[in-house]
Amino acid sequence: MAERKIIPIGPYHPLQEEPEFFRLHVDGETVVDIDIEIGYNLRLIEKISESKTYDQVTFLIERICGICSTSHPFAYTNAIDDLLGVTVPERALYIRSIIGELERIHSHLLWLGLAGHFLGYNTVWMWAWRYREPVLDIFEKISGNRNHYAMFKPGGVRRDMHEEDFPWIKKTLKSLIPKFDMFKGAVMDDPVIRARTEGIGVLTKQDAHDYAVVGPTARASGVAIDVRKDDPSGAYDRVEWKLITQEGGGVFAKAVVRILELYESANIIIQCLDNMPKGPIDLNIKDMPVGEGIGRYEAPRGEVFHYIMSDGGNSPARHKVRAPSFMNIASNKKAVVGHTISDATIILAAVDPCYCCTERMAVVDYKSGKKLMDGQDLIRLSQEKTARMQRK
Amino acid sequence: MKKQQIIENIKVRSGKDMLDFNDRSERRVYITIKKEILPKIARYLFNDVKARFSTASGVDTRSAIEMLYHFSVDEIGLIVTLRVILDKSNLEIDSLTSIMKCAEWIEREIHELLGVNFKGHPNLKHLLLKDDWPEGNYPLRRDQ
């Protein structure tokens, strides 16, 4: 039997969100166990939230994540609506959904690019990030910011959208559809990508239930859950769109779910722009009563969950936040064991956590402590495997 | 399963161990139960109803620690929240990890941030705080 080695992946890189640390136990080429550690960037935002006013909290929680920065305000304002038992003005609902869906497009494109990079398809990486730019331009037009849009507030949205921008936004979105087609073709019709990702890192339906995974990670295992359908907020129950599921459960299925969701997101935004009613955008909430509320939203990675307890004061008495990766990352324990090291990078990446960690990994001989391999080497291993399959 | 049926079944299973019932809105139900029956009700929701375990929230209300277990019944968009009130003199409760693996991380988190002890948890080490964090300091407690 080959000697058991430990590959530490992570924990920290300032490039992206969510530092985490995976300790892969490998026997020869095969991963036999994995330890996962998180908490390298603990800011205890839940505690800080107790010292901010309800209005300020929206700015605070936007900074939980730089990629899905609007998902937390979305869930948080839903929790406030639930606590107060109010429905925000119709126009604000439409604006909220538009911002949420634009974010999903840019987040999925970001993932697609990185997944391509790990598999050795650097063209996919360049394309995906190139076509993510127009989405950020739309954000800039709407909010003045390419990220951290600050559009949400309890009781509505902070600023209105202008009708004269709508034709340009629609034109820009429609110009992206052929690019989505290109990605769909590049991933679904490429035999090597298929061979490299199909049936790899599979979560069965039962695993999905056991680990309570959410978002594309669950939908790729045939679990038809989506907060936008199940517990709709914003304008999601006012427009037509399809819930995307796949049965495979592996990396391939997760990629397909995300690519098909790009179309639905563009479709939702265009319908919202076409049907957006005129009127007020804010309820101007003045007081918060004693009570509690739960709000959730389907972030690009899955359900974001916020719980608010109010004691009638200016700030939340308790603010619990649960991000989707908290559930999804734990499922790696199931997905990665039994696979080879060259597949580990893409499996760990498939739930769309933070990839940055992979750049800091190193294979260390357990006894001598000598460094044998680092993060770049692992990505190279993964890319070489793809190249080998392409030659075949 | 329909909302009314789920509530009825929980009522039957808890009997007089149900301390409070709050049907707050169409999609939100809060049920306060005694801590002894938490595993039984959680097992019913997770295994029989096939509800998804969303997360748990721990709240220091100064007089006690409240544990809220949020279960999502996705087909009907319902969140059933089980509330257990723990006396500060005895912060011990059964771990739900033997019923559902997905409770492992959140119990570790509540253990280190609020000092709740989960009986039967396989690995109650720090999740977010560093390993040498001083014993007995709980960041989310209000009495420290």
Side-chain angles (χ1 to χ4, degrees), chain A residues 35-44 46-47 50 79 82-83 85 205-214 218 223-233 237 291-296 303-309 311 317-324 326-331 333-334, chain B residues 22 24-30 46-47 50-62 65-81 83 97 99-106 108-110 112-114 123 125-131 133 138-142:
Chain A
D35 298 327
I36 305 169
E37 280 182 21
I38 58 173
Y40 288 91
N41 195 13
L42 178 67
R43 292 166 287 177
L44 217 55
E46 295 179 11
K47 184 74 187 168
E50 293 172 12
D82 181 47
L83 198 159
K205 240 181 188 168
Q206 186 60 41
D207 296 335
H209 180 65
D210 289 345
Y211 286 92
V213 293
V214 290
V223 182
I225 54 169
D226 191 319
V227 176
R228 294 173 294 168
K229 281 270 191 236
D230 304 332
D231 189 2
S233 56
D237 50 354
E292 54 192 343
I294 293 171
R296 42 188 188 156
E303 179 200 56
V304 171
F305 186 100
H306 281 239
Y307 168 81
I308 296 277
M309 185 183 272
D311 56 7
R318 176 79 171 98
H319 184 182
K320 168 73 196 156
V321 177
R322 200 273 285 136
F326 191 84
M327 308 310 283
N328 291 341
I329 290 173
S331 76
K333 204 166 168 68
K334 179 79 195 177
Chain B
N22 181 5
R24 211 168 163 272
S25 62
E26 194 196 331
R27 293 202 159 103
R28 304 283 187 269
V29 180
Y30 295 81
F46 192 72
N47 290 343
K50 291 277 171 211
R52 181 169 54 80
F53 176 61
S54 249
T55 195
S57 311
V59 187
D60 185 350
T61 57
R62 292 181 200 277
I65 301 271
E66 284 187 12
M67 290 286 303
L68 293 96
Y69 295 87
H70 311 284
F71 288 88
S72 174
V73 189
D74 290 314
E75 309 91 81
I76 50 174
L78 174 73
I79 296 179
V80 180
T81 300
R83 189 195 309 268
T97 46
I99 302 163
M100 42 197 202
K101 285 191 202 87
C102 44
E104 209 170 293
W105 279 18
I106 189 66
R108 280 167 67 184
E109 185 187 308
I110 294 172
E112 65 185 348
L113 298 182
L114 281 157
N123 183 19
K125 61 175 188 183
H126 282 309
L127 178 74
L128 302 171
L129 300 176
K130 51 184 188 167
D131 291 336
W133 185 265
Y138 302 112
L140 287 183
R141 283 278 274 273
R142 287 161 166 254

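Chain naming here is simple, since letters A, B, ... match the order of the sequence lines and numbering starts at 1 in each.
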Measure the shortest side-chain to side-chain distance between A:Arg322 and B:Ile106 over non-hydrogen atoms and say whether it is less than 4.5 angstrom. no
d(B:Arg142 CZ, A:Lys47 NZ) to nearest 0.5 Å is 6.0 Å
From OG (B:Ser57) to CD (A:Glu292), nearest 0.5 Å: 9.5 Å
Could you tell me whether the side chain of B:Ser72 reaches within less than 4.5 Å of the side chain of A:Arg296, counting heavy atoms only? yes
For A:Leu83 and B:Arg24, the nearest pair of non-hydrogen atoms, with its separation, is O-NH2, 3.0 Å
Taking atom CG of A:Asp210 and atom CZ of B:Phe46, what is their separation to the nearest 0.5 Å? 5.5 Å
With a 4.5 angstrom heavy-atom cut-off, is it the side chain or the backbone of A:Ala218 that approaches chain B, or both, or neither? neither
A:Arg318/B:Glu66 salt bridge by N-O under 4.0 Å criterion: no
Inter-residue atom distance A:His319.NE2 - B:Leu140.CG, 0.5 Å rounding: 12.0 Å
Identify which of B:Asp60, B:Leu129, B:Leu127, B:Ile99 forms the greatest number of heavy-atom pairs closer than 4.5 Å to chain A. B:Leu127
Contact part of A:Val213 toward chain B, heavy-atom cut-off under 4.5 Å: side chain, backbone, both or neither? backbone
For A:Lys333, is there an ion pair with B:Glu104 - N to carboxylate O distance below 4.0 angstrom? no
Which bit of B:Ala103 is near chain A, if near means a heavy-atom gap under 4.5 Å: side chain, backbone, both or neither? neither
Is there a side-chain contact between B:Arg27 and A:Pro232 (heavy atoms, below 4.5 Å)? yes
Quick one: are B:Trp105 and A:Met327 in side-chain contact, heavy atoms under 4.5 Å? no
Separation between CG (A:Asp82) and CZ (B:Arg28), nearest 0.5 Å, reads 4.5 Å
Aromatic rings B:His70 and A:Phe305: how do their planes relate, parallel, tilted or perpendicular, breaks at 30° and 60°? tilted
Trace of the side chain to side chain contact (heavy atoms under 4.5 Å, CB included) decision for A:Lys334 with B:Lys101: CA-CA 11 Å; A:Lys334 179 79 195 177; B:Lys101 285 191 202 87; over 6 Å; no
Looking at side-chain heavy atoms only, is the closest gap between A:Lys320 and B:Leu68 below 4.5 Å? no
Top of B:Lys125, B:Lys130, B:His126, B:Glu109 for chain A proximity - count of heavy-atom pairs under 4.5 angstrom: B:Glu109
For a 4.5 angstrom cut-off between non-hydrogen side-chain atoms, does A:Leu44 reach B:Leu113? yes
Does a side-chain heavy-atom distance below 4.5 Å link B:Thr81 with A:Tyr307? no
Distance in Å, A:Asp230 CG paired with B:Leu78 CG, rounded so as to fall on 0.5 Å steps: 11.5 Å
